[in-house]
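Structure record follows, encoded as structure tokens.
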Amino acid sequence: DAPAAGKASTRYDLEKETELRFEVESGEAAEQVELELLTGMAEVFGSELNRNKKYTFGPGSKIAVFTWQGCSVNLYGKPEVAYVSKDTPMLLYLNTHAALEQMRKQAERDNERGPRVMVVGPTDVGKSTVCRLLLSYAVRVGRRPTFVELDVGQSGVSVPGTVSALCIERPADVEEGFSVQAPLVYHFGSTSPGTNIKLYNKLTSCLAEVFSQRCEVNRKASVGGCIINTCGWVKGSGYQALVHCASTFQVDVVLVLDHERLYNELKRDLPHFVRVVLLPKSGGVVERSKECRRDTRDEKIREYFYGFRGVTFYPFSYEVRFSDVRIYKIGAPSIPDSCLPLGMSQDDTQLKLVPVTPGRDLTYHVLSVSSAEDGDEGARKGIVESPVCGFIVVTHVDTQTQVMKVLSPAPRPLPRHTLLIMDIRFMDMK
Ligand code: ADP
């Protein structure tokens with residue numbers, strides 16, 4: 001492997017328990033940065049690097065190369081920043097993993113279930129990174145943990161506006177993260193839990209139920225436990241959603257990143273047998289702007305249709321007749337209690353399926369294709385709690401001919417005819 005032609009290279013010699021942090025410039029024109037381990041051992045967010053292999057990181061990547069024993073690495077290209085830090089919480093994170101592993105060992109011995117862990121904290125404290133680290137460490141010692149993604153704004157598993165669960169069978173790929181095969185995905189429909197907190201809590205319960213069912217029939221999954229990533233909204237209903245999640249998943253451990261008040265509140269409000277642990281955030285975690293978050297979301301949808309890095313997908317574009325599908329939005333606008341029909345509660349309105357009449361305003365919206373069987377009115381009941389089998393984007397609506405054009409990962413016809421509309425839009429600029 002010759003060094004990338006024409007690219008500047010910088011060598012870093014890292015002492016033990018230090019990390020090299022670097023950021024790749026964002027923007028279309030930005031140059032990628034390559035990383036190569038020359039001597040010693042190192043890892044990126046819990047995944048070990050192979051020696052003399054070049055890892056490529058694209059625009060906007062924010063990476064830490066950590067070494068337990070010391071190592072030297074080369075960076076090729078011009079990172080926006082690159083520096084070595086001696087001050088990292090990695091030892092605390094490793095100890096956390098060791099404690100969880102003890103719990104798994106004990107679960108194995110006593111024929112009980114392994115640790116269910118919820119990771120909480122405000123935005124940009126490294127929650128997703130800690131989840132990835134703990135999952136990779138667990139799988140490296142032979143466990144099969146489940147990753148539960150409840151961050152509807154920045155999902156690491158599926159497109160934004162969804163919650164999901166994924167069985168982890170191998171460490172995250174250094175460049176691409178966890179291999180996403182057959183995740184269980186539910187439609188939420190927007191990037192903030194606050195738009196429909198009842199639905200959010202309902203879906204959390206759905207995931208908990210499916211996970212528990214799996215644990216009953218799969219001993220490895222049960223011992224492996226789960227790591228739950230949550231949203232950065234930690235006040236008001238957001239806080240209540242965390243408490244709800246802890247209870248529905250019956251979590252044993254809560255890791256609070258860098259938020260003492262949240263730590264104290266959870267200690268106060270969760271049952272005493274739940275271990276609530278306060279952990280510092282890493283100084284390397286980079287705050288992301290609103291625009292940056294929006295770009296990441298867009299990119300996630302683009303990847304769903306067009307692929308990622310070496311893998312190119314070729315999506316299909318075809319017409320769908322309005323009469324062939326049923327489109328719903330979950331949740332009617334809330335109305336004052338006094339105006340609700342007798343016997344109906346706010347819960348009912350937030351979980352209600354509201355039929356959407358196709359019109360021009362549907363253009364660019366992402367629609368989830370529900371896995372619910374196409375059926376009569378009776379079948380509508382299960383739609384909210386049914387996983388989704390994929391996503392399409394409306395690219396054009398013709399109200400004259402009553403037809404819409406869609407972008408789809410699979411050729412015609414749609415596998416199911418019940419579609420759920422998201423607030424999220426995607427403009428295909430390719
Ligand atoms: P959160 O889930 O709390 O919003 P993330 O885990 O997504 O935060 O981290 C935010 C960003 O910081 C990510 O791009 C991640 O790659 C980066 N990051 C995390 N830890 C480090 C570190 N130690 N050094 C450099 N970048 C880091």
Side-chain angles (χ1 to χ4, degrees), residues 12 14 17-26 30 33 35 42-47 49 55-68 73 75 79-94 96 117-137 147-157 160 163-164 172-178 191-193 227-234 238 242 254-259 262-263 278-297 299-300:
Y12 295 87
L14 304 179
E17 291 174 28
T18 64
E19 72 186 17
L20 167 67
R21 296 172 184 158
F22 65 91
E23 284 178 46
V24 186
E25 245 179 88
S26 39
V33 171
L35 164 74
E43 53 185 49
V44 169
F45 306 138
S47 309
L49 295 178
Y55 297 93
T56 309
F57 298 96
S61 303
K62 301 164 179 47
I63 305 296
V65 187
F66 181 85
T67 179
W68 292 104
V73 298
L75 282 189
E80 196 169 354
V81 280
Y83 66 96
V84 176
S85 174
K86 292 190 166 123
D87 186 18
T88 89
M90 284 293 283
L91 200 56
L92 289 171
Y93 295 169
L94 181 71
T96 307
V117 184
M118 180 168 85
V119 179
V120 304
T123 46
D124 294 331
V125 287
K127 291 184 298 298
S128 317
T129 307
V130 167
C131 289
R132 173 169 168 177
L133 198 70
L134 294 174
L135 289 162
S136 283
Y137 283 168
F147 178 35
V148 178
E149 176 63 277
L150 297 182
D151 189 346
V152 287
Q154 306 280 318
S155 172
V157 175
V163 295
S164 49
D173 182 87
V174 171
E175 297 160 309
E176 296 175 16
F178 289 112
T191 57
S192 151
I227 310 276
I228 308 167
N229 190 27
T230 58
C231 290
W233 184 30
V234 298
L242 295 179
V254 179
L255 304 177
V256 186
L257 284 174
D258 195 50
H259 201 303
L262 180 62
Y263 163 76
L278 182 64
L279 287 172
K281 74 168 182 183
S282 165
V285 178
V286 191
E287 237 176 79
R288 288 163 299 180
S289 61
K290 252 200 174 113
E291 291 72 43
C292 179
R293 275 167 213 284
R294 206 191 41 224
D295 288 353
T296 318
R297 280 200 284 269
E299 197 44 45
K300 208 71 201 168

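Counting convention: from 1, in listed order, for ligands and their atoms alike.
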* Would R288 and D295 pass as an ion pair if we require N to O under 4.0 Å? -> no
* Asked: Which atoms of ligand 1 have any heavy atom of I63 under 4.0 Å away?
  -> 25 (C)
* Closest contact, heavy atoms only, K300 versus S155 -> CE-O, 3.4 Å
* Structure fact -> Closest heavy-atom pair, V174 versus R132, reported as atoms and distance to 0.1 Å, is O-NH2, 3.5 Å
* Asked: Looking only at heavy atoms, which two atoms of Y12 and A82 are closest? And how far apart?
  -> OH-CB, 3.4 Å
* Examine Y93 together with Y137 and report whether their ring centres are nearer than 6.0 Å. => no
* Assess F66 for proximity to ligand 1: is some non-hydrogen atom of it under 4.0 Å away? => no
* side chain to side chain contact (heavy atoms under 4.5 Å, CB included) between T96 and V117, intermediate numbers included -> CA-CA 11 Å; T96 307; V117 184; over 6 Å; no
* Protein residue, atom and distance nearest to atom 16 (O) of ligand 1, heavy-atom basis -> K62 O, 2.7 Å
* With heavy atoms only and a cut-off of under 4.0 Å, state how R21 meets ligand 1: side chain, backbone, both or neither. => side chain
* Could you walk me through whether T129 and V285 pass the side chain to side chain contact (heavy atoms under 4.5 Å, CB included) test, one step at a time? => CA-CA 9 Å; T129 307; V285 178; 5.7 Å; no
* Using the side chain to side chain contact (heavy atoms under 4.5 Å, CB included) rule, take E17 and F66 through it: C-alpha gap first, then chi angles, then the decisive distance, then the call. => CA-CA 7 Å; E17 291 174 28; F66 181 85; 4.3 Å; yes
* Asked: For atom 12 (O) of ligand 1, what's the nearest protein heavy atom and its distance?
  -> V286 N, 3.4 Å
* Can you list the atoms of ligand 1 that are under 4.0 Å from a heavy atom of V125? -> 3 (O)
* Structure fact -> Nearest heavy-atom contact between G156 and E149 is N-OE2, 2.8 Å
* Going by distance only, is there an N or O of A64 that falls short of 3.5 Å from an N or O of ligand 1? -> no
* Trace of the side chain to side chain contact (heavy atoms under 4.5 Å, CB included) decision for F45 with S136 -> CA-CA 8 Å; F45 306 138; S136 283; over 6 Å; no
* Interfacing atoms of ligand 1 (cut-off 4.0 Å, heavy-atom, D124) -> 1 (P), 3 (O), 4 (O)
* Flag G284 as yes when one of its N or O atoms lies below 3.5 Å from any N or O atom of ligand 1, and as no otherwise. => yes
* **Closest non-hydrogen atom pair between V119 and T230, with its separation** => O-OG1, 2.7 Å
* Nearest non-hydrogen atom to atom 8 (O) of ligand 1 belongs to which of G156, G126, C231? -> G126
* Non-hydrogen atom of V130 closer than 4.0 Å to ligand 1 -> no
* Asked: Of the backbone atoms (N, CA, C, O) and the side-chain heavy atoms from C-beta on, which set of N229 has a member under 4.0 Å from an atom of ligand 1: side chain, backbone, both, or neither?
  -> neither
* Which segment of S282 sits under 4.0 Å of ligand 1 when only heavy atoms are counted -> side chain
* To do: Give yes if a backbone or side-chain nitrogen or oxygen of K127 is under 3.5 Å from a nitrogen or oxygen of ligand 1, and no if not.
  => yes
* Structure fact -> Closest to atom 19 (C) of ligand 1 among protein heavy atoms sits T129 OG1, 3.4 Å
* Structure fact -> Within the 4.0 Å heavy-atom cut-off, what E19 brings close to ligand 1 is side chain
* **Aromatic plane relationship, F147 with F178 - under 30° parallel, 30 to 60° tilted, over 60° perpendicular** => tilted
* Are any non-hydrogen protein atoms located under 4.0 Å from atom 22 (C) of ligand 1? -> yes
* Check R288 against ligand 1 and report side chain, backbone, both or neither, counting heavy atoms closer than 4.0 Å. => side chain
* Asked: For atom 2 (O) of ligand 1, what is the nearest protein heavy atom, given as residue, atom name and distance?
  -> S128 OG, 2.6 Å
